[in-house]
Amino acid sequence: MAKTDNDLLKNGDPAANWKGRMGRTFAESEPHWPDPVAAPEGAPNIVVILLDDLGFAEMGCFGSEIETPNMDRLAANGLRFNNYTTVPMCAPARAAIMTGKNPHSVGVGWLTHANPGFPGFQAGEISKDAPTFPELLRDNGYSTYAVGKWHNAADYNVSAASDKSSWPLQRGFDRFYGFLGAETNYHAPGQIVEGNELCSIGEYGENYFSTDDFADKAIAMLKAHKTAAPDKPFLMYFATNAPHTPHHAKPEDMAKYKGRYDAGWDAIRRERYARQKKMGVIGDWDLPDLSPGVPKWEDMPEDQLDIMAAYMEIYAGLVDNTDQNIGRLVNALEEIGELENTLILITSDNGASSIGGDDGAANFTEKRVTQQENPELARRMLETGALGAVNTSPAYPKGWGNAGNTPFRFFKRTPMNGGIRVPLVAHWPAKLQDKGAIRSEWVHVTDVMPTLLDLLGLDYPAQHNGYRTRTLNGVSFLDVLMDGAATSRRSEQYYELEGNRGYISGKWKIASLQPPGTKIDLDNWLLFDIEADPTEIVNLAAEHPDVLRNLIERFDQDAFENYAYPLDNRTLVRALTHDPHRIKDVNRPYVFYQGTESVQAVQASALFADRDYELTCDFDHATGMEGVLFALGDSLRGFCAFVKEGELVVHYNGGFLVKRDLRLPITDGNQRLTISHKAKGRLQGEAHISLANGANGDLNMSPCILFLNGEGFDVGLDRKTKVSAECEGRGTFEYPGRINWVKVVPGPQAPGSMVNRAEALAQKDW
């Protein structure tokens, strides 16, 4: 009954708030114009800058050697918070900052890839009874803008005909430009969305870089706003994908750091720690040893050290570029006269990542799925100058992530401080008095929304958009923001991500780490006194069993109340399953047509992922016609068919070092291409390929495609980066003839395949 109770019903009648008089003529009538909604008197503009996977020690003002003068300037004229915690992964952190609620409680306990059928894990989409702060600010007279990464829409809801209720415009923003998924190529994003539309971008141009583009759009929105409504406050949510993987950088940005990291991550970590102590970002805290599993620099193979250093040069260039664009945004605020009364908050969604493994990854897109990479790949890319460029997908080694989280241990995905303690900078010239100060009071990510409401004098609504809301989990830190002597209202918080658990109460913290893909151990708790030991070195579980037991009970209570159970520490396999409403979508035939936008990668790739399938393409050909018939994927992985120089070419791109072609003679008239693929198991695949004119042959399509998350499926052209290098330099290489259809009939999965399983069955195996 919650949605239909009378107290929740809204009155949309245009006369509901009309106070005039209506007669038959104007002479008998009296007009009335209700007052428009206006923001509270003196309401500031708000700019929330959310960086992605930036660790505690990766701004200059938090101890880094990376050049971040613009963020440093904001910190010097504002505040730094050294005890700000978040939740340890992207989509949940975004839900928490947006709603002021614990992410599980609004259905965002994990990423957008899967729905395992439990309330806390709803494919990354924020529940409709939890209003976001852009929704509430818009309701109260703000214009609201968002640029960059969203990552709170289920993968299966990103298509031409999907439910868009979780897209940015439906969750509070007037305008949006960016992408909806977890990550994208900086040089050539696989997906760009503007408003509610997927943009059909053919080519980006040689000098394109997504963070530059996002800053351009944000600046344009703010200038347009200033022209249209100079007295109306605005919200700008600038959520870069930087510095998330793939670690790309512009040549001039990474060149600035050439040779800077030759000393290795151990030395850089010690340097950052010394700077942090000197500038007062940390107190007299101990620097722990390297996190468990992180190799010492001196133990890495000597002939690989130049590659290891190069990964960090790329990453530093990426952070540097991000800072440049933050500077451009701040300069634009100054140019339009709005910097003085704009509250700027800069933070990160979680700590630095360990996804690159011991030695990094030149193609982490594949390595994180297959857990292997040809050792020659990174060397070849480094020597050709390709590493960090458009047709690569690098991730730095976890030793650099450990340095990024200095002085803390562990990484993103864990409740240890390396995963949850990140920088927070606040800048508001009109109101903040003690410029350059460092705040050490505890602030949590869910506290941002209640703070914004508090500074505007707004109450959290009991109902919104026809739904009864629930209470906020966050608490305002406005008093801490405004007064250096104020104390935090926060005293406790639970954490859960991929089975890893944590709970903080006062000075005590418990944590339980669950190695991915292993049986969950409910009893392997650690206990720390984070007041005396903020870098979590000394496990006190044996010395204080009563404290440990009490905090475990409190975690358990919060976990059930917030829907954080059941624990799920499966590997990325959990992103390859499907709920019962969607399992049919990956097993039915599909017909694709010429002249449409790209079909998104995560949806299209499931039809080809480690399984049998038959693809047929019906098209017309005349002598001299050349172009792409269809293309799945991008320059990193996929396959395509194109006509060139009188031949039909089927190209399989199985990764950087696997490129195979089959060439068949083509004749004029109506043609039908048939690709019959057989998945043999162990990621081995073979296709028999034929044309209606009798030409045929076989093509080794190993290793099989598992999961694509870059570019999707195109018919009649190949947008953005090219699956086959032969198609480069020709724009989209659009086929000039008619393509009647491309039909895909998916068949059985390979023996023992982990892809496209029913989620309910997959859970029974766990």
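The structure presented is a predicted model; accordingly, all values stated were derived computationally and were not measured.
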Participant: Check the pair Asp216 / Arg328 against salt bridge (charged side-chain N to carboxylate O under 4.0 Å, His left out), numbers first and verdict last.
Facilitator: CA-CA 9 Å; Asp216 288 344; Arg328 293 176 58 218; 2.4 Å; yes
Participant: Can a side-chain donor-acceptor contact be found between Thr211 and Asn325 if the only test is distance below 3.5 angstrom?
Facilitator: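 No - no donor-acceptor pair under 3.5 Å links their side chains.
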Participant: Does any N or O in the side chain of Asp634 come within less than 3.5 Å of the main-chain N or O of Glu711, such that one atom is a donor and the other an acceptor?
Facilitator: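 Yes, the answer is positive, given that a donor and an acceptor are paired below the 3.5 Å cut-off.
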Participant: Applying the salt bridge (Lys or Arg N to Asp or Glu O under 4.0 Å) criterion to Arg379, which one of Asp303, Asp359, Asp306 satisfies it?
Facilitator: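 Of the listed options, the one satisfying the test is Asp306.
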Participant: Is there a donor-acceptor contact under 3.5 Å linking the side chains of Glu125 and Asn157?
Facilitator: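 Short answer, yes.
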Participant: Should the ring pair Phe639 and Tyr652 be called parallel, tilted or perpendicular, given that the plane angle runs from 0 to 90° and is split at 30 and 60?
Facilitator: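 Phe639 and Tyr652: tilted rings.
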Participant: Strictly by modelled atom types, are Asn363 and Glu373 linked by a side-chain donor-acceptor pair under 3.5 Å?
Facilitator: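 Side chains of Asn363 and Glu373: no pair found under 3.5 Å.
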Participant: Name the residue from Met308, Met312, Met300 that meets the side chain to side chain contact (heavy atoms under 4.5 Å, CB included) definition with Pro397.
Facilitator: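 Between Pro397 and the candidates, side chain to side chain contact (heavy atoms under 4.5 Å, CB included) is satisfied uniquely by Met308.
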Participant: Report the C-alpha distance between Asp52 and Arg94 in whole Å, list the side-chain angles of each, state the deciding distance to 0.1 Å, and finish with yes or no for salt bridge (charged side-chain N to carboxylate O under 4.0 Å, His left out).
Facilitator: CA-CA 10 Å; Asp52 200 334; Arg94 288 156 206 277; 3.1 Å; yes
Participant: Take the angle between the ring planes of Phe179 and Phe214 and call it parallel below 30°, perpendicular above 60°, tilted in between.
Facilitator: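 Parallel, since the angle between the ring planes stays under 30°.
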Participant: Report yes or no: do Tyr315 and Glu58 form a side-chain donor-acceptor pair below 3.5 Å?
Facilitator: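 Yes, a side-chain donor-acceptor pair sits under 3.5 Å.
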Participant: Taking the six-membered ring for Trp, are His248 and His187 parallel (under 30°), tilted (30 to 60°) or perpendicular (over 60°)?
Facilitator: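 Answer is tilted, since the angle falls between 30° and 60°.
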Participant: Is there a side chain to side chain contact (heavy atoms under 4.5 Å, CB included) between Val744 and Phe608 once you walk through the steps?
Facilitator: CA-CA 9 Å; Val744 178; Phe608 307 94; 3.7 Å; yes
Participant: Taking it one step at a time, do Phe176 and Trp167 satisfy ring-ring contact (aromatic ring centres under 6.0 Å, His included)?
Facilitator: CA-CA 9 Å; Phe176 172 74; Trp167 287 31; 8.5 Å; no
Participant: If only side-chain N and O atoms count, and only distance matters, is there a donor-acceptor pair under 3.5 Å linking Tyr735 with His621?
Facilitator: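 The answer is yes; a qualifying pair exists.
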Participant: Hey, do the aromatic rings of Phe713 and Tyr590 have their centres closer than 6.0 Å?
Facilitator: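 Here the rings of Tyr590 and Phe713 have centres that are no less than 6.0 Å from each other.
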